[in-house]
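Here the structure is laid out as structure tokens; the discussion comes afterwards.
Each chain gets a letter, A, B and so on, in the order its sequence line appears, and its residues count up from 1. Because the structure is predicted, anything quoted here is derived from the model rather than measured.
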2 protein chains.
Amino acid sequence: MASLPSILGGLDPTSDRAVFRQIADQLREAIDRGRFKEGEKLPSEAELVEHYGVSRMTVRNSFSILQGEGLVHAEHGRGVFVRPRPPVRRLASDRFARRHREQGKSAFIVEADAAGSHPTVDSLEVKEEKAGQDISTRLGSVRRVLARRRRYLLDGRPVEFATSYLPLDIARGTQIAEPNPGPGGIYARLEELGHQLDHFEEEIRARMPSPSEVKTLQLASGVPVIHLIRTAFDTAGRAVEVCDTVMAADAYVLSYQLPAT
Amino acid sequence: MASLPSILGGLDPTSDRAVFRQIADQLREAIDRGRFKEGEKLPSEAELVEHYGVSRMTVRNSFSILQGEGLVHAEHGRGVFVRPRPPVRRLASDRFARRHREQGKSAFIVEADAAGSHPTVDSLEVKEEKAGQDISTRLGSVRRVLARRRRYLLDGRPVEFATSYLPLDIARGTQIAEPNPGPGGIYARLEELGHQLDHFEEEIRARMPSPSEVKTLQLASGVPVIHLIRTAFDTAGRAVEVCDTVMAADAYVLSYQLPAT
DNA sequence: CTTGCCCACTCGTCTATACGAGTATGCGTG
DNA sequence: CACGCATACTCGTATAGACGAGTGGGCAAG
């Protein structure tokens with residue numbers, strides 16, 4: 001790495017911009033310009049204290065800004081690093097097309113294998129429970145539902161946590177209530193049960209994660225989540241499944257096709 | 001407000017959870033339980049210092065966690081407040097259907113009026129410029145484009161910043177290059193120019209905003225942005241417009257319909 | 001050579017203090 | 001009554017120091 005003064009400038013004491021913001025600005029710019037590359041270690045707090053002649057808390061304040069922006073992450077005992085952008089998973093709008101269900105494996109596995117990643121699914125939990133207000137409304141005022149929870153990982157990194165809710169009168173006693181829903185997933189089973197799927201509705205929000213989401217998805221600070229709620233409708237117009245998904249936002253690009261008519 | 005000790009507990013010195021995290025936890029829980037309501041003022045730093053018997057920086061650290069989660073926001077000289085959830089704007093997947101173009105006003109204005117909000121559009125800028133790498137690729141290797149920038153506000157609050165890019169051979173000299181594109185917006189103009197629209201492609205990402213985005217959208221800390229890139233294709237299969245939109249994530253829910261076939 | 005310990009360096013947490021700047025309230029003056 | 005200022009209270013910024021804990025490299029003992 002080049003010497004600090006050659007990368008980072010000095011402070012402008014006449015500026016009314018706070019010192020810790022000025023430092024954050026300089027670091028951010030250096031990162032944007034590629035002076036510090038992905039995964040590379042930034043100068044240590046002590047070095048920056050030395051370089052700028054400020055106190056350590058001021059430097060830490062600067063780092064905390066950049067952390068909030070998701071630009072860097074700190075590792076205890078090692079240093080502060082430029083956060084590498086993880087490979088993203090693209091979700092196409094035809095990902096639930098019937099032809100994708102014809103193969104044996106789940107969409108997630110197939111797709112990840114194709115992308116050269118190592119996919120895993122864990123945290124299996126399948127149980128009957130009371131439907132929350134929102135889920136109940138979406139499913140047409142059902143009281144109890146079958147809930148299927150699972151977590152998806154790519155190369156060991158958790159990227160998505162999803163819960164499917166199905167009305168008990170549809171799912172109880174079927175393979176949908178088994179830990180392994182069989183080839184083609186629950187959508188294939190639903191169609192076998194006579195619920196031919198007609199269309200899906202997806203609602204998308206983005207927000208900062210709750211502490212429990214930070215834990216399950218092992219999210220770095222400064223990484224938002226995409227919250228997707230999908231409702232599946234059969235040809236009779238009935239909502240047969242609601243899937244509530246929380247995704248690490250830095251791991252996903254969603255893609256949709258809209259008709260112009 | 002009830003007395004502090006009745007709302008907030010004490011610290012657990014045996015816990016290995018950091019004190020400022022414990023304080024943040026208690027405040028978060030109190031907010032979740034509705035002990036502090038939306039828009040309500042939290043105890044001041046001084047009061048919490050008193051209540052917990054810790055130093056002020058520790059309390060501030062707690063607040064900064066909650067700010068990062070988008071739960072609270074601080075107002076200089078006034079206090080720290082529970083962040084109210086703003087009314088959200090729902091974007092339906094049929095929002096570009098041709099029938100919506102038949103009326104005179106823009107989709108944004110019509111929809112906001114219907115919702116009882118006061119819509120504004122500002123920051124008009126229309127100019128020819130060099131296309132960036134990404135835009136150029138999406139439009140099929142054009143070098144120069146017409147860029148239309150505008151910012152959308154609801155009841156005075158900026159919620160969205162959008163830039164449309166159009167190939168010069170289509171847009172130059174037409175009403176699309178005027179500040180006001182006329183009734184039905186640029187999509188109506190494109191169709192009049194013989195580019196019958198076939199479908200749209202939308203790519204969605206979520207991330208923390210850049211400093212400039214924080215400024216234009218007046219974003220509170222802890223609010224991510226939704227980054228939407230829409231490409232419009234005509235019936236000849238040509239990409240005729242790319243629209244790059246950055247939205248305040250707390251102001252939007254996107255909604256899509258997917259076919260199951 | 002290998003093992004294990006020590007130490008230097010890193011970030012994490014916390015205290016105590018100081019001053020600045022924005023806000024709101026009340027009181028006194030006109 | 002109206003205005004303006006003083007003041008108290010709020011958060012913002014910054015310093016200096018202390019100790020803890022994770023990491024990694026080097027050195028010494030076996």
Applying salt bridge (Lys or Arg N to Asp or Glu O under 4.0 Å), name anything that partners B:D122, two or more places apart in sequence or on another chain.
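Testing B:D122 for salt bridge (Lys or Arg N to Asp or Glu O under 4.0 Å), a comparison that skips the adjacent residues, returns B:R151.
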A:D155: salt bridge (Lys or Arg N to Asp or Glu O under 4.0 Å) partners, not counting sequence neighbours
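With neighbours one apart ignored, the set is empty.
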Nearest heavy atom decides the nucleotide; on that basis, is A:G77 or A:V54 closer to the 5' end of DNA chain D?
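Checking each residue's closest nucleotide, the 5'-ward one belongs to A:V54.
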Residue whose closest nucleotide on DNA chain D lies nearer the 5' end, A:R78 versus B:S44:
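Nearest nucleotide further toward 5': that of B:S44.
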Contacts of type ring pair (Phe, Tyr, Trp, His ring centres under 6.0 Å), residue [X], not counting sequence neighbours:
X      : result
B:Y165 : none
B:F20  : none
A:F108 : A:Y152
B:Y256 : A:Y256

Hydrogens and angles aside, do A:Y52 and A:Q22 bring a side-chain donor and acceptor to less than 3.5 Å of each other?
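The criterion, which ignores hydrogens and geometry beyond distance, is not satisfied for A:Q22 and A:Y52.
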If you round to the nearest 0.5 Å, how far is CG of A:L219 from CZ of A:R157?
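Those atoms lie 7.0 Å apart.
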Near-strand residues of residues 24-31 of chain B, defined as heavy-atom separation under 4.0 angstrom from DNA chain C:
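Those residues: none at all.
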Go through DNA chain C in 5' to 3' direction and return only the first and the last nucleotide with some atom under 4.0 Å of chain B's heavy atoms.
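Range of nucleotides within reach of chain B: C:dT13 to C:dA24.
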B:S221 and its side-chain hydrogen bond (donor to acceptor under 3.5 Å, both in side chains) partner, picked from B:H73, B:R83, B:E69, B:Q67:
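Considering B:H73, B:R83, B:E69, B:Q67, a side-chain hydrogen bond (donor to acceptor under 3.5 Å, both in side chains) with B:S221 is found only for B:Q67.
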Along DNA chain D, first and last positions that approach a heavy atom of chain A under 4.0 Å:
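Going 5' to 3' along DNA chain D, contacts run D:dT13 to D:dG24.
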Listed by chain and number, what are the side chain to side chain contact (heavy atoms under 4.5 Å, CB included) partners of A:A30, not counting sequence neighbours?
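Per chain and number, A:A30 pairs via side chain to side chain contact (heavy atoms under 4.5 Å, CB included) with A:I7, A:L8, A:R35, A:F36.
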Considering residues at least two apart in sequence or located in another chain, which fulfil the side chain to side chain contact (heavy atoms under 4.5 Å, CB included) criterion with B:K37?
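With sequence neighbours excluded, B:K37 shows a side chain to side chain contact (heavy atoms under 4.5 Å, CB included) to B:E40, given in chain and number order.
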Does anything in residues 13-23 of chain A come within less than 4.0 Å of DNA chain D? Heavy atoms only, and list the residues if so.
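Listed by number, they are A:A18, A:V19, A:F20, A:R21.
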Show the nearest heavy-atom pair for residues B:L66 and B:A24, with the distance to one decimal.
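What the structure gives for the nearest pair is CD2-O, 3.7 Å.
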Please report the closest heavy-atom contact between B:E38 and B:R85, naming both atoms and the distance.
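Closest approach of B:E38 to B:R85, heavy atoms only: OE1-N, 3.5 Å.
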